[in-house]
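What follows is a single structure, written as structure tokens, with notes after it.
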Amino acid sequence: DGGITQSPKYLFRKEGQNVTLSCEQNLNHDAMYWYRQDPGQGLRLIYYSQIVNDFQKGDIAEGYSVSREKKESFPLTVTSAQKNPTAFYLCASRDRGLRELFFGEGSRLTVL
Amino acid sequence: AQSVTQLGSHVSVSEGALVLLRCNYSSSVPPYLFWYVQYPNQGLQLLLKYTSAATLVKGINGFEAEFKKSETSFHLTKPSAHMSDAAEYFCAANTNTNAGKSTFGDGTTLTVKP
């Protein structure tokens, strides 16, 4: 079945460490997105990519980095510069001809 | 610029009662509108979408929504709530002018009482 796979599901990090969240899709979608979800704040866009080897900052990109070397993959790195990284992170993709997003199951990051 | 406002962060209904979740949007161009549902510790899944073909849109699990341009609203309804409808619901908007990015409301948590 086609879909989006995020890993790990749960991740614990010490302050000062960088962590990378994986997002892989087999839907053949061109566009991919990373959102951050905090209680009561909805979804906020971190980064997005409309094509391989190209990506743009979203509304809250500071302290995060991404790469898009393959169409299927869009990993997110949460760097030590991110002041409040504890959150639920959602990866999504979109088919070029459609407007709706397809989401992964999410990754919950906790900073200890 | 576009924005989405969901009125009421928490809604509680009794099983079998009408569900009404409110969403208003602000956009300089006609948007595509969506409702997504999220169960605890899971991703979002699409309930229904408005793409200008019809103002009354039917989705999965018995939900429907009506687009009202004069009120800039896209409220989600279900005639009879079921316990399994308890979840968080997000309204979202998407236009041609923002590189396919979607803007989300803050979400509404639906509780269904037995």
Side-chain angles (χ1 to χ4, degrees), chain A residues 1 3-11 21 23-25 27 29-51 54-61 87-110, chain B residues 1-11 21 23-25 27 29-53 57 59-60 65 67 74 87-109:
Chain A
D1 287 336
I4 299 176
T5 301
Q6 289 187 239
S7 63
K9 178 73 173 176
Y10 298 94
L11 183 62
L21 307 180
C23 178
E24 303 279 333
Q25 55 102 356
L27 300 168
H29 288 175
D30 289 308
M32 297 187 73
Y33 305 80
W34 273 106
Y35 286 90
R36 170 178 171 143
Q37 185 178 18
D38 296 283
Q41 295 190 45
L43 278 67
R44 293 182 290 169
L45 183 63
I46 304 173
Y47 268 97
Y48 64 102
S49 168
Q50 297 187 81
I51 196 169
D54 187 45
F55 49 83
Q56 286 78 40
K57 293 181 179 180
D59 301 319
I60 57 164
F88 192 54
Y89 292 88
L90 288 159
C91 180
S93 69
R94 183 178 62 85
D95 188 2
R96 184 182 302 179
L98 300 174
R99 297 295 185 88
E100 63 263 35
L101 296 173
F102 292 80
F103 284 86
E105 291 292 293
S107 292
R108 185 169 298 281
L109 172 64
T110 302
Chain B
Q2 63 188 19
S3 65
V4 176
T5 302
Q6 291 183 237
L7 301 176
S9 58
H10 292 86
V11 170
L21 305 183
C23 173
N24 289 85
Y25 69 92
S27 176
V29 298
Y32 284 41
L33 296 165
F34 309 87
W35 277 99
Y36 293 87
V37 61
Q38 183 183 34
Y39 299 100
N41 291 312
Q42 293 187 24
L44 280 68
Q45 61 183 96
L46 183 68
L47 266 182
L48 49 80
K49 63 180 178 181
Y50 166 73
T51 59
S52 77
V57 181
I60 62 173
F67 173 72
F74 190 56
E88 189 159 21
Y89 293 81
F90 291 92
C91 183
N94 183 299
T95 68
N96 267 329
T97 60
N98 61 352
K101 295 182 292 181
S102 291
T103 300
F104 287 82
D106 289 342
T108 298
T109 299

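Chain A is the first sequence line, chain B the second, and so forth, proteins listed ahead of strands; every chain is numbered from 1.
Looking at A/Leu90, only its side chain comes within 4.5 Å of chain B, counting heavy atoms on both sides. For B/Leu44, the parts sitting under 4.5 Å from any heavy atom of chain A are the backbone and the side chain alike. Contact annotation for A/Leu45: only side-chain heavy atoms (C-beta onward) come within less than 4.5 Å of a heavy atom of chain B.
Here the NZ atom belonging to B/Lys101 is positioned 11.5 Å from the CZ atom belonging to A/Arg94, to the nearest 0.5 angstrom. Here A/Phe102 contributes atom CZ and B/Leu46 contributes atom CG; the two are 7.5 Å apart, rounded to the nearest 0.5 Å. Here the CD atom belonging to B/Gln45 is positioned 13.0 Å from the CD atom belonging to A/Glu100, to the nearest 0.5 angstrom.
Among all heavy-atom pairs drawn from B/Phe34 and A/Arg99, the shortest one is CZ-CB, 3.4 Å. Contact detail for B/Gln38 and A/Phe88: the closest heavy-atom pair is NE2-CE2, 3.6 Å. When all heavy atoms are compared, the tightest approach of B/Tyr36 to A/Leu101 is OH-N, 2.9 Å.
Contact annotation: the side chain of A/Leu98 never approaches that of B/Tyr32 to less than 4.5 Å [non-hydrogen atoms, C-beta and beyond]. Residues B/Glu88 and A/Gln37 form a side-chain contact, since some pair of their non-hydrogen atoms from C-beta on lies under 4.5 Å apart. You'll find the side chain of B/Ser102 reaches within 4.5 Å of the side chain of A/Tyr35, heavy atoms only.
For A/Lys9, the NZ atom counts as densely surrounded, since its 6.0 Å shell holds more than 12 non-hydrogen atoms of other residues, nucleotides or ligands. The environment of CD1 in A/Ile51 is sparse: at most 12 heavy-atom neighbours from other residues, nucleotides or ligands sit within 6.0 Å.
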